[in-house]
Amino acid sequence: TTLWSGDIEASWEVFRDQVVIGQGVSLSGQPWWCTDAGGFMTYRPFTPELYARWFEWGVFNALFRTHGTKPENEAWTYGPAIERIVADHIALRYRLMPYIYSLARQVHLTGAPIMRPMLMAFPEDPKAVAATDQFMFGPALLVAPILQEDARTREVYLPKGDWYDFRTGEKIKGGCTITVGAPLGRIPLFARA
């Protein structure tokens with residue numbers, strides 16, 4: 001059985017809400033949740049940036065899909081730069097498939113969700129518990145989506161321990177908040193040592 005967030009509006013505000021809602025649904029015992037990447041209903045002006053950022057984050061939903069009522073809602077209709085971002089993130093999702101399949105097995109065996117609020121992994125760390133705009137994708141990956149229009153950096157709280165930037169391999173000592181670059185097409189992503 002799966003659940004999605006319904007026919008939601010395609011807006012930055014609703015996108016930000018989805019990040020928290022997905023974690024809450026996961027904690028409630030429904031591990032198979034997703035959103036319509038890009039939102040479903042388009043009432044306000046819709047930007048390629050919103051689609052790209054939502055898609056970046058959608059890779060880290062237990063289920064992953066794009067869907068909506070906007071005419072010409074395919075990745076290539078937003079131009080070559082957005083099409084490249086979408087293609088890169090589809091490739092990332094496929095690269096993660098062995099990990100995702102392992103997580104799916106764990107869901108079956110233990111009930112532990114794939115999308116995990118920071119409080120689930122670090123319950124004794126008040127800063128981690130308060131970091132509701134980032135989450136763990138399984139036990140190993142920390143995901144920090146870009147939730148503000150025109151943002152090209154963001155602060156990420158890394159709990160104690162060693163972390164690795166997923167793309168560069170740079171080792172970072174945790175227990176601190178860092179500011180990371182996040183150009184369009186790059187969601188901050190860290191692997192737990």
Side-chain angles (χ1 to χ4, degrees), residues 5 8-23 34-40 42-61 64-66 68 70 72-96 115-118 127-128 130-137 140-159 162-193:
S5 57
I8 54 176
E9 182 183 357
S11 71
W12 285 96
E13 297 83 4
V14 172
F15 173 41
R16 283 189 289 275
D17 290 344
Q18 298 310 295
V19 174
V20 177
I21 290 168
Q23 294 174 66
C34 73
T35 183
D36 293 330
F40 185 76
T42 308
Y43 299 118
R44 296 183 237 184
F46 185 75
T47 65
E49 179 188 10
L50 176 59
Y51 184 78
R53 291 300 192 186
W54 208 317
F55 202 91
E56 292 169 8
W57 169 73
V59 167
F60 300 98
N61 285 203
F64 177 41
R65 70 179 193 167
T66 183
K70 181 183 172 293
E72 299 182 352
N73 198 38
E74 297 80 17
W76 56 87
T77 64
Y78 298 106
I82 301 302
E83 183 180 5
R84 179 80 258 150
I85 289 168
V86 167
D88 289 347
H89 281 82
I90 290 170
L92 174 60
R93 178 73 177 202
Y94 275 95
R95 180 178 167 202
L96 292 171
M115 180 184 281
R116 301 174 184 185
M118 297 295 289
K127 289 183 180 177
T132 58
D133 64 347
Q134 61 184 56
F135 60 95
M136 297 297 294
F137 188 66
L141 296 177
L142 188 152
V143 182
I146 304 303
L147 303 170
Q148 301 295 327
E149 188 172 12
D150 299 323
R152 298 300 182 259
T153 63
R154 81 154 277 171
E155 290 187 346
V156 178
Y157 177 71
L158 298 175
D162 291 330
W163 296 86
Y164 293 89
D165 182 295
F166 186 83
R167 289 179 182 84
T168 68
E170 176 190 359
K171 184 178 180 180
I172 304 162
K173 190 75 170 167
C176 62
T177 299
I178 61 172
T179 300
V180 296
L184 191 59
R186 183 170 181 188
I187 187 170
L189 182 61
F190 298 89
R192 192 176 184 184

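Since the structure is predicted, the reported quantities are computational estimates derived from the model, not experimental observations.
- From L184, atom CG reaches atom CD1 of I85 across 3.5 Å, with rounding to the nearest 0.5 Å.
- The closest side-chain heavy-atom distance from L92 to F60 is below 4.5 Å.
- Ionic pairing of E149 and R16 is not present here: no N-O contact between side-chain nitrogen and carboxylate oxygen is shorter than 4.0 angstrom.
- Considering CG of L142 and CZ of R116, their distance stands at 12.5 Å, rounded to 0.5 Å.
- In this structure, I146 and P188 have side chains that are in contact, with non-hydrogen atoms separated by less than 4.5 Å.
- Taking the six-membered ring wherever Trp is involved, the centroid distance between the rings of F55 and F64 falls below 6.0 Å.
- F135 CZ to N61 CG: the interatomic distance, rounded to the nearest 0.5 Å, is 6.5 Å.
- With a 4.5 Å cut-off on side-chain heavy atoms, T35 and F15 do not count as touching.
- Of all heavy-atom pairs spanning Q134 and Q23, the tightest one is O-OE1, 3.6 Å.
- The nearest pair of heavy atoms linking M118 to P159 is CE-CG, 3.7 Å.
- Between the CH2 atom in W163 and the NZ atom in K171 there is a gap of 13.5 Å [rounded to 0.5 Å].
- Side chain of R167 to main chain of I187: a donor-acceptor pair is present (N/O by atom type, distance under 3.5 Å, no hydrogens or angles).
- When all heavy atoms are compared, the tightest approach of V156 to A144 is CG2-CB, 3.6 Å.
- Residues P48 and I82 approach most closely at CB-CG1, 3.7 Å, considering heavy atoms.
- Of the inter-residue distances, the one linking L96 atom CG with F166 atom CZ reads 5.0 Å to the nearest 0.5 angstrom.
- Residues G181 and P183 approach most closely at C-CD, 3.6 Å, considering heavy atoms.
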Margin query: Could you go through F190 and F137, starting from their C-alpha distance and side-chain angles, then the distance that decides it, and tell me whether this counts as ring pair (Phe, Tyr, Trp, His ring centres under 6.0 Å)?
Written below: CA-CA 10 Å; F190 298 89; F137 188 66; over 10 Å; no
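- Counting only residues at least two apart or in different chains, salt bridge (Lys or Arg N to Asp or Glu O under 4.0 Å) contacts with residues 51-61 comprise R53-E56.
- In this structure, CZ in R186 is found 13.5 Å from CZ in R152, a value given to the nearest 0.5 Å.
- At least one side-chain heavy atom of W12 sits under 4.5 Å from a side-chain heavy atom of T47.
- Counting only distance, with no hydrogens or angles, the side chain of E155 and the backbone of T177 share no donor-acceptor pair below 3.5 Å.
- Looking at heavy atoms from C-beta onward, D162 lies in side-chain contact with K173 at the 4.5 angstrom threshold.
- The two atoms that bring A193 and Y164 nearest to each other are CB-CE1, 3.8 Å, heavy atoms only.
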